[in-house]
Colleague: 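Sending over a structure as structure tokens; questions will come in a sec.
Every heavy atom of this structure was used, including side-chain atoms; hydrogens, water molecules and symmetry mates were not. Just so we're clear, the structure is a prediction, and the values are computed from it rather than from any experiment.
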Amino acid sequence: MATMTISYDGHSKVAQNVVALIRSLGDVFQISQIDEEKEDREWTAEEEREAFICTSKMNTARWLAENKI
């Protein structure tokens with residue numbers, strides 16, 4: 001299973017039609033809405049730790065690639 005987040009202009013007719021099409025394919029896509037207020041919450045210690053580790057791995061990989069180590 002893959003997850004995709006879509007942000008769109010709710011006033012755009014094209015965007016509304018695309019979202020309606022995706023919603024009509026309910027047997028293919030599982031749709032859940034994110035409460036934007038929840039997205040502004042503080043991270044837990046575990047989430048912060050995971051984000052730090054992920055960022056550190058990405059930075060190390062870039063550094064190794066740039067320096068051909």
Colleague: Provide the closest heavy-atom pair for E47 versus E42 in the form atom of the first, atom of the second, distance.
Modeller: OE1-O, 4.5 Å
Colleague: Is there a path of hydrophobic side-chain contacts, each under 4.5 Å between heavy atoms, that joins I53 and W63?
Modeller: no
Colleague: Could you see if V28 belongs to whatever hydrophobic cluster contains V18? Use Ile, Leu, Val, Met, Phe, Trp, Tyr and a side-chain cutoff under 4.5 Å.
Modeller: yes
Colleague: Give a yes or no on whether V19 and L25 share a hydrophobic cluster (residues Ile, Leu, Val, Met, Phe, Trp, Tyr; joining criterion: side-chain heavy atoms under 4.5 Å apart).
Modeller: yes
Colleague: Measuring only between side-chain heavy atoms, which start at C-beta, is I22 closer than 4.5 Å to I6?
Modeller: yes
Colleague: Are Y8 and M4 in one and the same hydrophobic cluster, where Ile, Leu, Val, Met, Phe, Trp and Tyr link if side-chain heavy atoms are under 4.5 Å apart?
Modeller: yes
Colleague: Could you give the distance from CG (N67) to CZ (R62), rounded to the nearest 0.5 Å?
Modeller: 13.5 Å
Colleague: Atom OG1 in T60, atom CE in M58: separation rounded to 0.5 Å?
Modeller: 10.0 Å
